[in-house]
Amino acid sequence: MLKGDGRLGHDLDPQDHAPKDACGVFGVWAPGEEVSKLTYYGLYALQHRGQESAGIAVSEGSRILVYKDMGLVSQVFDESVLGTLRGHLAIGHCRYSTTGSSVWENAQPTLSSTDEGGLALAHNGNLINTPELAQRLAPGATRATTDTEVLTTLLAQDDRSIEDAAAELLPQVKGAYSLVFMDEKTLYAARDPQGIRPLVLGRLERGWVVASETAALDIVGATFTREIEPGEMLTIDERGVRSRRFALAEPKGCLFEYVYLARPDTTIAGRGIQVTRVEVGRALAREHPVEADLVIPTPESGTPAAVGYAQESGIPYGQGLVKNSYVGRTFIEPSQTIRQLGIRLKLNPLREVVEGKRLVVVDDSIVRGNTQRAIVRMLREAGAREVHVRISSPPVAWPCFYGIDFATRAELIAGSLSVEEIRASLGADSLGYISLEGLTKATTIPAERLCRACFDGSYPIPIDQDNVGKFVLESKA
């Protein structure tokens, strides 16, 4: 087990963690480059998408070597480890668990033997027909507890080429998947027909990169080429990049990527996330105006929308809450005393700024409400005269089955309470959420090309409630 790094944990209140994405994935084919280091820095750029475990698989042409462990990318890898991971292609993964427990055995990339050699695979998303797929595994092939391991084993046990096996299997896989996988010589990438999770292709001077977000391309010096299309698989080797369509595209990109998941310096569908979030803040100000003295964000998640709200409303923008810059995942269990301090370990108010002021506090979402409730209380204790909460997403009232670890509907505060009841629960003077129409318009993507299920309960891929859940394979073992 890794030692703690001295940083504060995200989940000091275990009952109110922020929404968490399944994972970040990265792949590179680049002879002559230090592919393990490129992958390390790519994962570093994608760390926000998964903070439980990290891993890299690399090949020099004759064998695949995988190194993975629990923890942040910077905890798992150092110079000496990366120095042993030599080759011309690699894939990497940083994980937050959505199917299967958060244990070493479930860290990715997964590795399996084939008739021709090996197969390593990394997955961002969440499948919704995992038990059905698991029934197709050869007896004793694996004791899989993750959808990713099921996919890897099914591909590996097929006696056709990996490309042909994937083209046959993937149309039968339901749910969200952005995949990077490899054998000893070739890099592959594939995206589900709905394109729920992002996946992009970039060009290096001596190779190619695929990644969950364009920001990961930037950090390794790759030039953005294009998004990988829904229902498309890429094969990358010494002959270049080849595209193969295994299913018709039915685009349903995740709307919550725009709200929270993606980095602000990432681009989706040709539009920067930062620009979209600022525009959402402007729309929020038009929909929910209020007389106030200062607009402050909940850092860092509420900052772009707070900027937009201030621009549209004419109310000055300021910093009223200070965030501890070193908050990150830790393996040190907080004591009860520390837990009672709760949110103050991550955020603390600037009394001189907020005292006597009527405040507009902008954040991106409310899941269970504990964090916002603590912020309102802190600001009042610091002397704020009024606290008006504005949220740059509609109420999150439905769980996600496609790769975000939202709570069950019963645990989501908007699943059972009205906006006025939520306001009273938070102790705020007023509460305003942006409308679903306002958020959708700010993305410039037509509503029919977006998955908005966590806001409206309309799931683009039908859900069998008995066959989904984080521990669905473990419970059936």
Without hydrogens or angle criteria, can the side chains of E149 and T110 be said to hold a donor-acceptor pair below 3.5 Å? no

**Request:** Compare all side-chain heavy atoms of L137 with those of L154 and state whether any distance is below 4.5 angstrom.
**Result:** yes

- request: Decide whether S36 and E34 meet the rule of one side-chain donor and one side-chain acceptor closer than 3.5 Å.
  value: no

**Message:** With a 4.5 Å cut-off on side-chain heavy atoms, are S243 and L234 touching?
**Reply:** yes

Is it the case that the side chain of K185 and the backbone of G61 share a donor-acceptor pair, with hydrogens and angles ignored and the cut-off at 3.5 Å? yes

**Asked** Can you tell me if CD on Q47 sees more than 12 non-hydrogen neighbours from other groups inside 6.0 Å?
**Response** yes

So CG of L38 and CG of L89: to nearest 0.5 Å the spacing works out to 12.0 Å

Strictly distance-based, threshold 3.5 Å: is any side-chain N or O of S392 a donor or acceptor partner for the main-chain N or O of V280?
no

Exercise for the section: Give the C-alpha distance, both sets of side-chain angles, the deciding distance and a yes or no for side-chain hydrogen bond (donor to acceptor under 3.5 Å, both in side chains) between S212 and R197. Expected result: CA-CA 8 Å; S212 293; R197 298 278 148 243; over 6 Å; no

Distance-only side-chain donor-acceptor flag, S80 / D78, under 3.5 Å
yes

Closest non-hydrogen contact found for T440 with I445 is CG2-O, 3.6 Å

Please check this pair: side chain of D192 against backbone of Y177, looking for a donor-acceptor N/O pair closer than 3.5 Å. yes

task = Look at the side chain of R242 and the backbone N and O of M233, then say whether any donor-acceptor pair between them is shorter than 3.5 Å.
result = no

Of all heavy-atom pairs linking S458 and D456, the shortest is N-OD1, 2.9 Å

Backbone N/O of S178 and side chain of N124: donor-acceptor pair under 3.5 Å = no

Next item on the list: Begin with the C-alpha distance, continue with both residues' side-chain angles, and end with the deciding distance and a verdict on side-chain contact (heavy atoms from CB on, under 4.5 Å) for T298 and T371.
Entry: CA-CA 10 Å; T298 299; T371 298; 5.7 Å; no

Within the 4.5 Å heavy-atom criterion, are I461 and F401 side-chain neighbours or not? no

Practice task
Take F224 and T267 through the side-chain contact (heavy atoms from CB on, under 4.5 Å) test and state the conclusion after the steps.
Solution key: CA-CA 10 Å; F224 172 75; T267 298; over 6 Å; no

Check your understanding: For R449, does the CZ atom sit with more than 12 other heavy atoms under 6.0 Å from it, leaving out its own atoms?
Key -> no

Of all heavy-atom pairs linking A122 and I91, the shortest is N-CD1, 3.9 Å

Per side-chain contact (heavy atoms from CB on, under 4.5 Å), L127 is matched among V150, L151, T146, T148 by L151

- Query: Does atom CD of E421 have more than 12 heavy-atom neighbours from other groups under 6.0 Å away?
  - Reply: yes

**Report entry** Donor + acceptor pair across side chains of R203, T225 (<3.5 Å)
**Finding:** no

Which of Q108, R49, H123 passes side-chain hydrogen bond (donor to acceptor under 3.5 Å, both in side chains) with H93? Answer is Q108

Counting only N and O atoms by type, is there a donor-acceptor contact under 3.5 Å from the side chain of E213 to the main-chain atoms of R263?
yes

**Asked** More than 12 foreign heavy atoms under 6.0 Å from CD of E448: is that the case here?
**Response** yes

Tightest non-hydrogen contact, residues P230 and A249, listed as O-CB, 3.5 Å

All heavy atoms of N126 vs all of G403, minimum pair found to be CB-N, 3.5 Å

Distance col, row C400:SG vs I196:CD1, nearest 0.5 angstrom, shows 7.5 Å

So does T408 get a backbone contact from the side chain of E411, meaning a donor-acceptor N/O pair under 3.5 Å?
yes

Check your understanding: Looking at side-chain heavy atoms only, is the closest gap between Q51 and L72 below 4.5 Å?
Key -> yes

- Query: Any idea how Y41 and Y44 line up, ring-wise: parallel (<30°), tilted (30 to 60°), or perpendicular (>60°)?
  - Reply: perpendicular

Between the OH atom in Y402 and the CD atom in Q194, the distance rounded to the nearest 0.5 Å is 8.0 Å

- Query: Within a strict 4.5 Å, meaning less than it, do heavy atoms of the Q172 and E132 side chains meet?
  - Reply: no

4.5 Å side-chain heavy-atom contact, V180 and F26: no

*Return yes when atom CZ of R86 has more than 12 non-hydrogen atoms of other residues, nucleotides or ligands closer than 6.0 Å, and no otherwise.*
no

| query | Can you tell me if R409 uses its side chain to pair, donor with acceptor, with the backbone of P399 under 3.5 Å? | reply | no

Exercise. How far apart are the C-alpha atoms of Y40 and V76, what are their side-chain angles, what is the distance that settles it, and do they pass the side-chain contact (heavy atoms from CB on, under 4.5 Å) test?
Worked result: CA-CA 10 Å; Y40 170 86; V76 172; over 6 Å; no

When rounded to the nearest 0.5 Å, the distance separating CE of M182 from CD1 of I64 is 4.5 Å

Treating R226 as the side-chain partner and L201 as the backbone partner, does any N or O pair qualify as donor plus acceptor under 3.5 Å?
no

Q. Is the number of heavy atoms from other residues, nucleotides or ligands within 6.0 Å of CZ (R160) greater than 12?
A. yes

ask   = Could you go step by step and tell me if I162 and T186 meet the side-chain contact (heavy atoms from CB on, under 4.5 Å) rule?
value = CA-CA 10 Å; I162 290 175; T186 308; over 6 Å; no

* Would a 4.5 Å heavy-atom cut-off, applied to side chains only, mark T303 and K323 as touching? -> no

Interatomic distance, CG@L111 vs OG1@T153, rounded to 0.5 Å, equals 10.0 Å

From the list F181, F246, W208, ring-ring contact (aromatic ring centres under 6.0 Å, His included) with Y188 holds only for F181

Is the backbone N or O of P304 less than 3.5 Å from a side-chain atom of R277, with the two atoms forming a donor-acceptor pair by type?
no

Do the side chains of L82 and I56 get nearer than 4.5 Å, heavy atoms only?
yes

- Query: Would you call the rings of W29 and H88 parallel, tilted or perpendicular, where under 30° means parallel and over 60° means perpendicular?
  - Reply: perpendicular

*Using a strict 4.0 Å threshold on nitrogen-to-oxygen distance, state whether R271 and E279 make a salt bridge.*
no

Is any NZ, NE, NH1 or NH2 atom of the basic residue among K174 and D147 found under 4.0 Å from an Asp or Glu carboxylate oxygen of the other?
no

Taken to the nearest 0.5 Å, the spacing of E168 CD from D158 CG works out to 7.5 Å

Minimal heavy-atom distance between A453 and Y459, with the atoms involved, is CB-CD2, 3.4 Å

